[in-house]
Every structure is written in structure tokens, then in C-alpha cells.
Amino acid sequence: MTLTVDIQRQLGHFCLKAAFDAPEGVTVLFGRSGSGKTSIIRSIAGLLNPDRGRIHLGDRVLFDSDARTNVPVHKRRLGYVFQDSRLFPHLSVRDNLCYASRVSGRGSRRPEEVAGLLGIEHLLARRTHGLSGGEAQRIAIGRALLAEPDMLLMDEPLASLDGPRKAEILPYLETLRGETGVSILYVTHNMAEVARLATHIVLIEDGTVVQSGPPERVLTDPDMVRVVGIRDAGAVLSARVVAQPDDGVSELAVSGGRLFLPAVDAPVGSELRVRILAQDVILSRTRPEGLSALNILPVRVLAVRRGEGPGVIVQMQAGDDLLLARITRRSADAMGVAEGATCFAVMKSVAVSQTDIAVGLQTGI
Amino acid sequence: MTLTVDIQRQLGHFCLKAAFDAPEGVTVLFGRSGSGKTSIIRSIAGLLNPDRGRIHLGDRVLFDSDARTNVPVHKRRLGYVFQDSRLFPHLSVRDNLCYASRVSGRGSRRPEEVAGLLGIEHLLARRTHGLSGGEAQRIAIGRALLAEPDMLLMDEPLASLDGPRKAEILPYLETLRGETGVSILYVTHNMAEVARLATHIVLIEDGTVVQSGPPERVLTDPDMVRVVGIRDAGAVLSARVVAQPDDGVSELAVSGGRLFLPAVDAPVGSELRVRILAQDVILSRTRPEGLSALNILPVRVLAVRRGEGPGVIVQMQAGDDLLLARITRRSADAMGVAEGATCFAVMKSVAVSQTDIAVGLQTGI
Amino acid sequence: MMLGLGPEEWQAVLLSLKVSFWATLVSLPFGVICAMALARGQFIGRDVLNWLVHLPLVLPPVVTGYLLLLSFGRRGPVGGFLYDTFGVTFAFQWTGAALAAAIMAFPLMVRAMRLAIEAVDPKLEEAAATLGASRLRVFTSVTLPLILPGIIAGAVLAFAKAMGEFGATITFVSNIPGETRTVPSAIYAFLQVPGGEDAALRLVVVAVFIAVAALILSEWLSRRVARRIAGK
Amino acid sequence: MMLGLGPEEWQAVLLSLKVSFWATLVSLPFGVICAMALARGQFIGRDVLNWLVHLPLVLPPVVTGYLLLLSFGRRGPVGGFLYDTFGVTFAFQWTGAALAAAIMAFPLMVRAMRLAIEAVDPKLEEAAATLGASRLRVFTSVTLPLILPGIIAGAVLAFAKAMGEFGATITFVSNIPGETRTVPSAIYAFLQVPGGEDAALRLVVVAVFIAVAALILSEWLSRRVARRIAGK
Amino acid sequence: AAASLGDALTDLAEAWQAETGHSVTLVLAGSSTLARQIEAGAPADIYLSANVDWMDWLAARGRLNEVSRIDVASNTLVLVAHDGAAASEVLLSPKTDIAALLGTDGRLAVALPEAVPAGLYARAGLETLGLWDDVSDRLAPTDNVRAALALVALGEAPLGVVYATDALAEPRVHVVATFPEGSHPAIAYPAALVAESAEPDVASDFLQWLLSAAAQSSLRKHGFGPPTAEPK
Ligand SMILES: Nc1ncnc2c1ncn2[C@@H]1O[C@H](COP(=O)(O)OP(=O)(O)OP(=O)(O)O)[C@@H](O)[C@H]1O
Ligand SMILES: Nc1ncnc2c1ncn2[C@@H]1O[C@H](COP(=O)(O)OP(=O)(O)OP(=O)(O)O)[C@@H](O)[C@H]1O
Ligand SMILES: [Mg+2]
Ligand SMILES: [Mg+2]
């Protein structure tokens with residue numbers, strides 16, 4: 001089910017004016033603190049009324065200022081995991097989980113099952129006082145899941161979780177999507193979560209959508225570096241394993257050449273995604289000598305963006321793929337990196353980001 | 001000022017029994033959700049009374065059950081940044097920031113200065129309603145900083161911040177420590193923050209301290225992988241830049257050999273720290289051929305830990321340093337990796353983690 | 001018998017308990033509805049409702065009683081209507097005493113509940129709505145449990161006030177032994193006759209005892225409930 | 001003059017305003033302290049304090065007035081002491097009327113404030129303490145502003161109740177024109193004589209008008225303050 | 001019946017019940033309250049008032065069986081003092097310096113002189129004696145005569161004007177003077193059958209019985225005088 005959003009709303013001095021589609025899969029809303037992500041999600045959930053606009057989910061109209069449609073919150077069938085967990089203090093953990101099925105009959109899953117997946121079985125009989133931040137948030141996620149919504153709205157749901165727990169829950173969210181076809185609209189600051197989960201990205205800045213599309217495209221737009229943050233900017237490329245020789249170094253084909261990665265745990269022929277951060281790419285006008293086995297791709301410079309600070313962002317074409325590099329202004333000038341120039345991109349580090357086969361193989365989150 | 005903690009407290013079924021020192025610098029409390037981090041910090045702040053034990057800060061006794069000392073919260077001179085921001089709703093943002101100096105005369109810094117550093121100047125005149133999660137948390141940080149405490153207690157202060165903002169605030173925290181000598185006790189789930197900030201690590205599990213010490217040692221203890229999480233486990237090594245040849249590949253000396261990293265932005269002779277994740281290290285009994293330029297270090301296996309799941313964790317000695325590798329059980333068996341075996345560690349990826357000179361050079365957070 | 005209460009005095013005590021109990025119980029739902037409307041409602045007449053509710057607090061009880069007599073008396077418009085259509089009569093019956101007590105206690109009840117409702121975090125109600133709870137379900141499953149301490153406080157306050165109510169009651173339904181002579185009326189009667197002070201004092205002690213018991217019970221209940229709804 | 005109030009009636013109205021105003025104002029700090037003690041305190045005698053505060057609610061006003069007379073009268077232990085040491089006397093003075101009104105209104109005031117205090121998030125008080133605020137500063141800089149709506153509600157409730165207080169006042173300080181004849185006492189006097197209803201009605205209208213004005217003012221104030229403390 | 005007759009009537013009711021087996025239910029409240037309630041349809045058989053005006057008021061509204069109207073008893077007005085020694089017997093005459101007896105700031109306790117019967121009688125008596133102007137601004141008017149008595153009993157007021165019956169039963173006051181006959185209208189207690197009485201025959205018997213020697217002697221014990229023959 002595709003979610004279509006086109007809304008406007010004035011909040012104090014802040015003007016929200018967002019239009020985007022969230023197709024099936026996991027759409028990540030990404031933007032800096034205060035950019036309006038929560039306000040958008042609240043509008044979709046019906047907790048904030050847009051001044052005007054439309055919100056459709058599949059063929060259901062949730063809101064339409066022209067047609068004066070405004071489906072009440074409880075009929076929208078959306079699961080909302082709040083930034084703060086908002087557990088009901090007067091109910092036990094189990095009753096919190098069962099809340100949706102109690103009030104609306106929604107949801108046929110047993111709470112134990114979901115609790116098991118979230119590692120909160122031992123809390124079921126407890127009351128909510130004294131729960132740790134992470135425990136509370138896991139219960140909140142479980143509660144929303146058990147409502148079996150058409151779409152899950154998640155507002156930084158994992159921010160208070162520790163790494164191992166995050167890593168455990170993420171695959172469950174993926175499975176959930178695969179199993180039930182429920183789409184997810186996901187707000188996060190965490191680029192690793194984006195790379196891991198996103199099938200679609202919406203970049204928000206100052207209340208407006210500045211870019212949206214598949215991660216491969218959005219993340220390699222040099223204008224987006226400012227929004228994404230320099231440390232998180234980088235490309236996501238599709239790759240195929242072409243050889244797994246005995247020396248433990250796997251050979252991957254990308255559209256622009258070959259990459260060599262030690263011990264990629266996937267059979268020859270599998271498709272996967274690799275993530276190359278802009279800060280891990282350096283440029284050279286000549287093919288570096290004596291470094292034959294380092295990952296080097298010939299590229300053509302598409303754009304050079306100077307930001308504040310000493311660095312520049314270079315967008316390059318490598319085969320059919322786009323790459324980003326962040327180099328110092330000084331070396332950019334010295335090397336004569338400019339639009340149209342051809343050079344070589346040297347990758348300090350390449351991370352396997354997501355495969356279609358084995359979900360267990362991702363980089364650390 | 002060193003903080004010494006040795007406390008016990010029963011919380012429902014949960015038993016907190018923690019003893020550790022937090023020396024000057026940034027001590028990171030690291031542990032899974034529900035392990036008792038917040039409870040420890042609350043005890044230090046005086047918000048939770050231990051059943052028995054002692055808490056000293058420098059030569060000040062904050063709590064001592066034997067001597068019946070229990071310094072009241074407001075006299076402890078500790079700044080506390082809560083997991084939830086806890087802004088005062090009846091005060092403007094500016095008045096929130098100035099709260100400490102208003103009630104206690106503590107703090108001589110101007111709020112504008114701190115607000116500038118945290119990017120919240122434009123919010124100063126506002127009231128707290130409608131602030132985004134990140135805005136609120138930045139104000140909470142500013143409020144605690146402006147109290148000019150002897151030690152800052154920070155409970156996942158950056159969890160709700162976006163990457164760029166985090167990256168902006170972190171150096172400020174470092175500067176702050178450098179400038180004022182204020183020590184920080186920092187709770188986080190985020191391994192990148194740990195690697196970036198920690199001068200000392202305390203690992204908590206189920207309410208007890210399982211390990212504490214400098215990051216180099218704590219993070220390479222194979223028993224700790226369970227606590228740290230497999231994706232975040234890894235070594236931090238001290239390195240020195242020994243050559244910066246023209247081809248753009250810097251040569252770094254570590255105690256166990258040489259590492260080659262493209263374009264490390266530091267002059268020859270500088271000391272820095274590199275971070276090598278366990279999952280980025282593979283092992284080979286023979287020196288891999290045809291891969292001369294890859295980073296390969298000869299190592300001796302110190303310990304092999306089998307966990308649940310298909311992987312094993314191998315702790316190795318490389319010169320004076322310790323390394324961790326995570327390999328599959330199958331290959332460990334096939335290769336005969338066992339205590340005392342010598343082999344070669346192949347690094348898929350090495351990240352410069354922290355230098356003594358340039359704080360701007362760290363890996364993405 | 002304890003305190004040496006005579007049968008007539010016991011009668012007054014039991015009657016007071018009955019009157020106060022029913023006054024509280026019957027006005028409870030109205031109190032909750034009023035409090036909700038005042039705390040959350042956005043409607044014209046909200047202010048009018050508000051001061052109507054508070055009227056019995058402001059008026060001297062005698063006036064309230066007199067107004068009740070005028071309207072609910074057997075010849076009053078409301079009383080006549082109720083009598084003709086339902087055969088219900090308040091005048092000079094214990095039900096009338098309960099009505100008077102309920103009306104006098106109503107502002108206290110509503111105030112207490114209203115404050116409790118205003119203290120409920122709307123974020124929790126939002127969360128409930130997103131989980132599929134209709135407005136009514138949100139109210140019954142989240143708001144109501146969370147304001148329980150306020151409701152208890154309101155009810156006990158109303159009960160205590162009903163126990164002490166005198167002016168409106170005696171004016172409305174007089175002071176008929178066994179029917180409308182509640183403890184305060186009985187105290188009044190004793191104070192009116194020479195030498196009745198001792199009997200009055202005995203009744204005062206009983207009244208205080210009952211009220212204190214109710215308060216202690218409610219404190220305990222309230223604290224238990226408050227603990228529960230704090231998730232402990 | 002509007003409503004055709006005679007000078008004596010105006011005198012009663014002004015006196016009632018004065019009495020209620022001072023009764024409310026002077027009892028305000030005590031109310032806050034009591035409410036704090038009851039809401040947060042952990043001390044022996046807490047329950048005793050609680051029911052002492054509630055006593056005037058439960059007792060028939062006449063009894064309260066009589067007890068006041070016994071203790072605060074010129075020959076009562078408290079009254080005598082106050083008179084001997086400070087020369088303060090309550091008997092037959094408007095101050096006595098204010099005392100009676102304050103005591104009758106006190107339970108209402110404390111209840112309202114206590115509920116407000118119990119609704120304050122202790123997390124904010126914790127945060128204030130970590131920022132260096134002593135207990136007292138925490139109270140004045142965080143708790144107090146946050147309970148302002150509750151204080152206003154309590155004060156207005158008390159004011160309204162004081163405006164309507166009759167039984168205890170007349171028993172304690174009798175009904176002296178210009179000194180202790182408040183509006184309710186005046187109304188009572190009118191109702192005692194056949195044909196006095198019209199004059200009583202005029203005063204009732206005035207009383208209602210004043211109370212409604214106070215309520216509306218307080219609603220408005222309360223809402224403003226509530227908005228502010230919600231951070232809006 | 002008027003509340004001030006309560007004690008005596010209780011004895012009479014018991015006596016009559018012993019004699020005839022018919023039980024009597026006494027409803028005690030202020031004369032005005034009862035009159036209004038009977039007007040509103042209260043289920044009463046006999047109205048016994050302390051006040052001729054309210055009797056006339058009801059009669060004018062046709063609520064009474066006029067023929068049955070009788071005076072049951074009479075009373076006298078006395079001046080009482082708290083301190084027997086200080087205010088030894090005085091003779092009430094136009095020359096009496098009541099102000100001096102009151103001391104510098106003492107007050108004269110009376111029932112509301114413009115409303116309550118005892119107050120009306122007291123005012124008339126004082127006016128006749130030419131003392132009214134001396135004391136009119138030194139009064140402590142109360143809502144009923146018992147409250148005035150209590151003020152004197154507690155020593156809050158040094159002097160008071162009350163019924164002889166009240167003074168008789170209160171050991172803490174001393175009768176210092178009796179108002180001369182004729183200084184005020186005769187204090188009569190009229191009684192009549194209520195027009196809508198459910199059991200007019202029994203009620204009428206009781207009314208007649210009240211004039212019997214046995215009943216009258218019982219009333220005498222309580223300090224009441226014989227019904228004045230004076231036509232009303
Ligand atoms: N009621 C309001 N009045 C005034 N400003 C508001 C209001 N609600 C939201 N804002 C402003 O709108 C902006 C967007 O807020 P929002 O909570 O949607 O941000 P966000 O993207 O979710 O941020 P974060 O990642 O920090 O949670 C913020 O600058 C906030 O201050
Ligand atoms: N008052 C209490 N009663 C019962 N259990 C409690 C109480 N307070 C804390 N706990 C339990 O103690 C454990 C530690 O809680 P704490 O909040 O310190 O964890 P944490 O390490 O901060 O977790 P997180 O990273 O999720 O915030 C949790 O399992 C929690 O449920
Ligand atoms: Mg947000
Ligand atoms: Mg915590």
C-alpha cells in the first residue's frame with residue numbers, strides 16, 4: 001500500500017509543507033533535528049491536523065481538506081511507535097501489549113510471540129514503573145505491532161536501544177514487512193539504520209521534502225550531504241559476487257569495475273549492496289601504482305560541491321553507479337578535480353550493507 | 001577528580017551491585033538495555049539511595065552508608081543530562097538554560113555562548129512546547145553545562161540527536177573537558193561514541209561491573225563481546241604515522257607491524273588510534289599471496305571463545321597489542337585455530353578512531 | 001451502646017449514612033460527565049455550566065434549600081412534574097435529603113475530578129487512539145483509570161460534605177425523625193432545646209468518627225490506586 | 001442603584017467581599033503548606049492533620065461556629081491568649097467572620113491544591129535539584145509555578161465558599177450590621193420574616209453575580225497559567 | 001413545631017402517647033422554615049409556631065384550619081448575665097444604664113431583632129423602655145435565641161435577652177431582670193391544624209389535649225406560662 005502525503009501546516013514560526021510518496025517497503029524519513037519529521041508523522045496518524053492537503057493510504061483517503069475528509073485517529077489503522085514510549089502506567093506490560101486487541105479487536109497475534117521476539121517475555125507480568133528506557137521502547141514497539149496496522153509509523157524507535165538489541169529487532173522489522181506486507185514509515189537519525197532498512201528515502205529539511213527516492217540515488221546527491229551529514233554521506237552500490245577464490249578475498253562486480261573484499265560470506269552469483277562512505281574515498285588523477293589489490297575504480301567527475309569548511313564533495317560516475325568522495329579543497333585544487341575530469345577513486349573501506357539473500361550479514365548498526 | 005563508586009541496591013527483582021572508578025576524562029558506562037546504567041547514575045546524583053556503599057568524588061564524600069553521609073542532591077555539584085530532557089515547561093528556553101545560575105549562583109558562562117555551540121540560539125526566546133526531541137535534548141545539555149558542575153553525568157544524551165548535530169556536539173564535550181577539566185560519566189549504547197570519547201570504559205551487565213579499564217584493554221577482552229555486541233566488538237590500537245608517500249597511501253606503524261591506509265590526514269610522526277572491528281578481521285594460517293598491499297599482521301592466538309551462533313571470537317596478540325577477530329566456527333575448525341597457534345590477521349577495514357592531535361579526524365559517529 | 005446513643009440518635013446516624021451514600025453514588029456519574037465536559041469540552045454554555053455547578057457553593061445553604069423547595073417541592077414545577085409523571089416525590093422524604101446533599105456536594109466533587117482530568121497526560125490518550133480506541137474507549141480504558149484517585153477524592157469529599165450538610169436539607173425537607181432528620185439536623189434540634197448540648201456533642205463525635213473513617217479509607221484507597229496508576 | 005439595593009445591603013455586599021478576600025488571602029499560604037505536607041510529607045500525624053483539615057467540611061457549620069466560639073472567643077484558650085499577648089480579638093469583629101469563613105473554606109482549598117501538587121511530575125523536581133536548587137528553591141521555582149492553576153482553583157473555591165458561608169459565621173461572630181453581617185446573614189434575616197423574599201432575592205442575585213464573576217475570572221486566569229506551564 | 005418548644009413537646013408527646021396510644025412525630029425547625037414547607041405541601045398535621053406572624057402568613061394562604069387555632073403557651077423575656085455577681089438584680093426601667101452594664105466593649109446578645117421572634121420581642125421591650133437607642137449599636141444579633149444564650153453562657157457577651165424558658169435550663173447564666181409585662185407584645189405560641197392534615201381528628205384531639213391541665217403543668221415545668229387569654 002502506498003502512502004501519499006501532500007500537506008501544509010503552520011506551527012508557530014515553523015512552516016511544514018511536505019509532499020511525498022511512501023511506496024511499499026520501508027520509507028525512511030531522514031532529516032536533522034527540528035526539521036519536521038515528527039510533525040509529518042503526527043499528521044499522518046491524525047494527531048495533528050494539516051491546514052490543508054491530502055493523505056491517502058492505498059485507496060483509503062485519510063485526510064482531504066478539499067473533500068473535508070478527516071478519518072479519526074482510531075480508524076486509520078496505523079501503528080505509531082512514539083519517540084517517547086508512552087506506555088499506559090495503569091496497565092501491566094502484558095495489558096499494554098494486548099491493549100489494541102482489547103479495545104478494537106484488532107490483532108490476532110499472541111503477545112508472548114511478539115514479546116519473545118523483542119526479548120521482553122520476562123517483563124510481561126510487571127508493571128511499567130522502573131522499566132529501563134530500552135525496555136519501555138521495546139514494549140511500545142510490541143504494542144504497535146500487535147495492533148496489526150496497515151502501516152507502521154516509527155519515530156526513532158530504536159534510539160534508546162543498545163546495539164545488540166537493535167541488531168536483533170531490525171531483522172524482525174524486516175521479517176514483519178515480508179510476512180505481513182505491512183509498510184513502514186521510519187524516522188531516524190542513524191545512517192546505518194537507513195542503509196540497512198530503507199527501500200525508499202525522504203529527506204526533509206526545514207519542513208519541506210528536499211529529495212526523495214531510492215537510497216542509491218538520494219544518498220549520492222552531493223546537495224544532500226549537508227542534510228545527511230558529512231560523516232554519513234556515501235553511496236550504496238549494487239554488486240554481484242563473481243569469485244570466491246581460496247585466498248579468502250572475494251571478488252565483486254559493480255557496474256564500474258571490480259571490488260575485492262576479504263571474506264564476503266555469500267556464494268558466487270549472489271546480489272548484494274555495498275556502502276561506500278564519501279570520507280572513505282580518495283581521488284587520484286593517475287592510477288595509483290604498487291597498490292594493485294586496493295579497490296580502485298575509474299570514474300568521471302559529475303559535480304564538485306564546495307561546502308563550508310576545508311572539504312569538497314565530489315560526485316562521480318563509476319559505470320552506471322554514482323559515487324561520492326570527500327576530499328580537501330586544497331587537493332581538489334591541486335589535482336584539478338572539476339566537472340568532466342576523469343580520475344581514479346580509491347576506496348579505503350567498503351562495507352557490505354544489505355543483501356537480498358542473507359539478512360544476517362550487515363554492517364554494524 | 002576521580003569518582004569512586006561502590007554501591008549496592010535492590011530494585012524489585014533487580015540487584016544493583018556496582019563498584020568502579022571513573023578517573024579524569026570521559027568514562028563510558030556501557031551495557032545492554034536494562035543492565036542498570038541509569039540506576040547507577042541516579043545513585044551518583046543522589047536521586048536513588050543505595051542500600052549500602054560509598055561514593056566519593058575526589059576528596060568529597062557524597063555518600064557513605066557506614067559514616068551515614070548522604071550529601072543532598074543539590075549540593076553534589078554534578079550536572080545530570082537525563083535520558084528524557086526534563087525541561088521546565090513553565091520557563092522559556094533561556095530561563096531553562098539560566099536555571100542553575102538563578103537558583104544557586106553557580107555558573108558564570110553566558111547562555112548565549114553555550115546556546116551557540118549547541119545550535120539553539122534561535123530558540124532562546126521560545127517556550128518549550130513543540131520543541132523537537134533533539135532541540136529539547138540540546139537545551140537540556142546546555143542547562144547542565146551552564147551549572148558548571150564538577151562532573152557531568154550524561155545518560156544517553158545524544159540518542160535523540162541527528163548525526164551532524166552529534167558530530168558537532170561531541171567535540172564541544174571534548175573541548176569542555178579539556179578547558180574546564182570537568183570529567184564526564186557517559187552512558188551510551190553507541191559503540192562509535194565509545195570509541196570516540198572514552199578514556200575509560202566500564203562494562204555493566206545485570207547490575208554488576210564485569211570489566212573496566214582503558215578502551216584498548218576492555219574492548220579486546222573476548223568475554224566482553226557478548227556485552228558489547230558482536231557488531232561493535234573490536235580493538236583499538238595505538239599507531240604512529242611513519243610515511244606519507246606521494247601515492248596517497250599512508251604508512252602507519254603499530255606494535256605488530258605496518259598498516260597501509262589511504263590518505264590519513266596527519267603528518268609523519270603523529271600518534272593516533274585506529275579501530276579494527278572484529279568482524280572486519282579474517283584469519284589465515286599462511287600469509288595470503290597476491291595481496292601484498294592489504295593490511296596483514298602476523299599474530300599469535302591467545303584465546304578462542306565460542307558463543308551461541310555460528311561464530312567464534314578469537315583474541316590475538318599482534319606485537320604488544322591485542323586484536324579480536326570474528327570468524328565462523330567452521331573455518332576455525334578447518335584452519336585449526338586454537339590457543340597458541342600463529343597465523344595472519346587480514347584486515348578488511350581499519351578506521352582512524354582518535355588522534356591526540358586532530359580531533360576533527362574521527363570516523364563517523 | 002457505645003457513646004450512649006439512644007435509638008433515635010442511631011436512627012439519625014444510619015439515615016445520614018444512607019443519605020450521604022446515595023447522594024454520592026447517584027451524583028458520581030453526573031460528576032464525572034460534568035468534570036469531563038468542563039475540563040475537555042469546547043462548547044457554548046461551558047461557562048454557564050461551570051457556574052451552575054458552583055452555585056450551591058456560593059449561595060447560603062438556606063437559599064439553595066429554599067430554591068429546591070420551590071422547584072422540587074410537591075407544588076414546585078419540577079417536583080410536580082416528577083410526581084405526576086413518575087410518581088417520584090422528593091419533598092419531605094429521605095430522597096429529598098439525598099438530593100439536597102448531592103446538590104450541595106456536587107461542586108466539590110466536580111472540582112476534584114476536574115483537576116484530576118486536567119492532570120492526565122494527553123499523550124497517553126493519543127497513544128490509545130492510534131491503537132484503535134474510539135473516543136469512548138480511550139476514556140474508559142485510559143482516562144478513567146488514570147483519574148480514579150481524583151474520582152475517589154471527589155466522592156469522599158462529596159460524602160463528607162453530604163454528612164455535614166444541614167442548611168439546605170432542613171430548609172428543603174425539614175427535620176422529620178426517621179425520614180429526614182440526619183445527624184446535623186439532629187444536632188441542630190438538640191442545640192435548640194435547653195440542655196441538649198450533651199446529646200449534640202455525642203452526635204458530633206459520631207459524625208467526626210464516620211467522616212474520619214471515610215477519609216482514612218479514601219486516603220488508603222487513593223494511595224493504592226495512585227501507586228497502581230504510577231505503574232508501580 | 002442597580003437592583004435597588006439599599007445602603008445596608010451594599011454594606012453587606014462590601015463586607016462579604018472584604019471578609020472573603022482576606023479569608024482567602026490569609027489562608028492561602030497555610031493552604032499551600034498543608035497541601036504540600038499532605039501530598040508529599042512523610043510524618044507521623046499526617047493522617048491527623050488530614051482529618052483536622054477536613055473537619056469543618058463534615059461538621060454542621062453551627063458546630064464549627066460553636067467550637068470557634070469556644071476556642072477563639074475572648075474567654076477561649078486561643079482567643080484569650082491572642083487577646084492578652086497581641087490584643088487581637090475576633091469576637092464580634094469582621095476578622096472573626098473572616099476566620100470562620102477561612103476555616104470553613106480551608107478543606108476545599110487544601111483539596112484542590114493537593115491534587116495539583118500530586119500531579120506535578122517529580123522528575124522535574126529531580127532535575128531542578130541536580131541543577132543546584134535546594135528543597136525550598138525547588139519548591140519556589142518549579143513546584144509552585146506548576147501548581148499555580150491548582151492554587152488559583154483552590155483560592156477561588158475558597159473565596160466562593162467564603163462568600164456563601166453562613167452557619168459558622170453567625171454562630172461565632174453573630175450578625176452585626178457593618179461588622180459581621182455578610183450577604184448570607186442578611187439573606188437569612190430577610191428570609192425569617194414573612195414577605196422578605198424579595199429583598200433576599202436581590203441579595204442572592206448579587207451574591208451569584210459576584211461568585212460568577214470570580215469563577216469566570218479564575219477560569220480565564222487558570223487557563224492562561226495552564227497554557228504557560230504547558231510550555232506554550 | 002418551633003424548635004424552641006422541642007424539649008417540652010417531647011415530654012408532652014410521650015405523655016399523650018401513653019394516654020391515647022397515638023404517636024406524635026415532632027418536626028423541629030425554625031418557624032419560618034416550617035411555614036414555608038407547609039405552604040409547599042409538607043405532610044404536617046399541626047403547626048405550632050413561636051411567631052404569630054408566620055401563623056398569620058400561613059392562615060392567609062389558606063393552609064390552616066383557622067377555627068382550630070389556639071394559643072398553647074406563653075413565655076416571658078428576661079435579661080440574663082454571664083457573671084451573676086457583677087450584674088446583680090437590676091430593675092429594667094427607662095433609667096437603666098444598660099451600656100454601663102455592658103462595660104466598654106461588651107455586647108448585648110439578642111436574636112435578630114428585625115427577624116427572629118425573640119429578637120422582635122426584645123426590640124419591642126427595649127423600645128418601650130426607651131433603652132433601644134442606647135443599645136442598638138451594641139447588639140450581637142444571632143440567628144436564633146439559643147445562639148444568643150450560648151454567647152452569654154460562654155461569657156462572650158456579658159448580657160443577653162432571651163426567653164425565660166431558655167434561661168431556666170442554662171446554669172451558666174443568671175437572670176438579672178424580667179421584662180415587665182406589656183413592654184412587648186405577649187409571647188404566644190399559637191397552634192393550628194394544617195388544612196391538608198391526613199388525620200384531622202386525632203390532630204384536633206391532640207391540640208385540645210395541649211390545653212388540658214396535665215399538659216399545661218408539664219409546660220409549666222419547662223418554664224412556659226399559661227396561654228394568655230388576650231385575643232389575637
Ligand atoms: N506547536 C508548535 N509551536 C511552535 N513550533 C513548533 C510546534 N510544534 C513543532 N514546532 C517546531 O517545528 C519544528 C519541527 O518539529 P518536529 O518535532 O517535527 O521535528 P523533528 O524533525 O521530529 O526533530 P527531532 O529529530 O529532533 O525529533 C521544530 O523546530 C519545532 O520547534
Ligand atoms: N523501581 C524498580 N522496581 C523494579 N525494577 C526496577 C526498578 N528500577 C529499575 N528496575 C529494573 O532495573 C533494571 C535496570 O534499569 P536501568 O534503568 O538502570 O537500566 P539501563 O541500563 O539504564 O537501561 P537502558 O539502557 O534501557 O536505559 C531494569 O531491568 C529495570 O527494569
Ligand atoms: Mg521528532
Ligand atoms: Mg537507562
Side-chain angles (χ1 to χ4, degrees), chain C residues 38 46-48 50-51 54-64 66-67 107-108 111-116 118-121 149-150 153-154 156-157 159-161 163-167 171 182-185 187-188 191 197 200-201 203-204 207-208 210-216 219 222 226, chain D residues 38 46-48 50-51 53-64 66-67 107-108 111-116 118-121 149-150 153-154 156-157 159-161 163-167 182-185 187-188 191 197 200-201 203-204 207-208 210-216 219 222 226:
Chain C
L38 290 176
R46 198 170 154 283
D47 282 334
V48 176
N50 191 24
W51 62 257
H54 279 85
L55 220 47
L57 195 73
V58 198
L59 291 180
V62 182
V63 173
T64 309
Y66 186 52
L67 293 176
L108 307 188
R111 265 284 167 179
M113 291 180 183
R114 182 176 165 184
L115 282 172
E118 282 167 353
V120 169
D121 189 349
V156 170
L157 213 58
F159 180 84
K161 171 73 197 170
M163 285 293 296
E165 185 3 67
F166 162 65
T171 312
T182 55
V183 171
S185 303
I187 293 175
Y188 168 80
L191 285 179
E197 284 87 354
L201 185 69
L203 278 179
V204 166
V208 168
I210 291 173
V212 166
L215 284 176
I216 288 179
E219 279 294 311
S222 231
Chain D
L38 290 176
R46 199 171 154 282
D47 281 335
V48 176
N50 191 24
W51 63 257
V53 165
H54 278 86
L55 220 47
L57 195 74
V58 199
L59 291 178
V62 182
V63 174
T64 309
Y66 191 69
L67 293 176
L108 307 188
R111 266 285 166 179
M113 291 179 183
R114 182 175 165 186
L115 282 172
E118 282 168 352
V120 169
D121 190 350
V156 170
L157 214 58
F159 181 82
K161 170 74 197 171
M163 286 293 296
E165 186 0 71
F166 162 65
T182 56
V183 171
S185 303
I187 292 175
Y188 176 81
L191 282 181
E197 286 88 354
L201 185 70
L203 278 179
V204 165
V208 168
I210 291 172
V212 166
L215 283 176
I216 288 177
E219 279 293 312
S222 230

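Just so we're clear, the structure is a prediction, and the values are computed from it rather than from any experiment.
Of the atoms belonging to C/Leu108, it is side-chain heavy atoms, and not backbone ones, that fall under 4.5 Å from chain D. When heavy atoms are compared at a cutoff of 4.5 Å, C/Phe159 does not approach chain D at all. When heavy atoms are compared at a cutoff of 4.5 Å, D/Ile210 does not approach chain C at all.
Of the listed residues (C/Ala207, C/Ala153, C/Pro149, C/Pro56), the one with the most heavy-atom contacts under 4.5 Å to chain D is C/Ala153. Ranked by non-hydrogen atom pairs under 4.5 Å with chain C, the options D/Met163, D/Glu165, D/Arg114 are led by D/Arg114. When each of D/Thr182, D/Ile216, D/Ile187, D/Leu157 is checked for heavy-atom pairs under 4.5 Å with chain C, D/Leu157 comes out on top.
Each of D/Val204, D/Val208, D/Leu203 was checked for a side chain to side chain contact (heavy atoms under 4.5 Å, CB included) with C/Val63, and the lone residue meeting it is D/Val204.
The minimum heavy-atom distance between D/Gly164 and C/Pro61, with the atom names listed, is O-CD, 4.1 Å.
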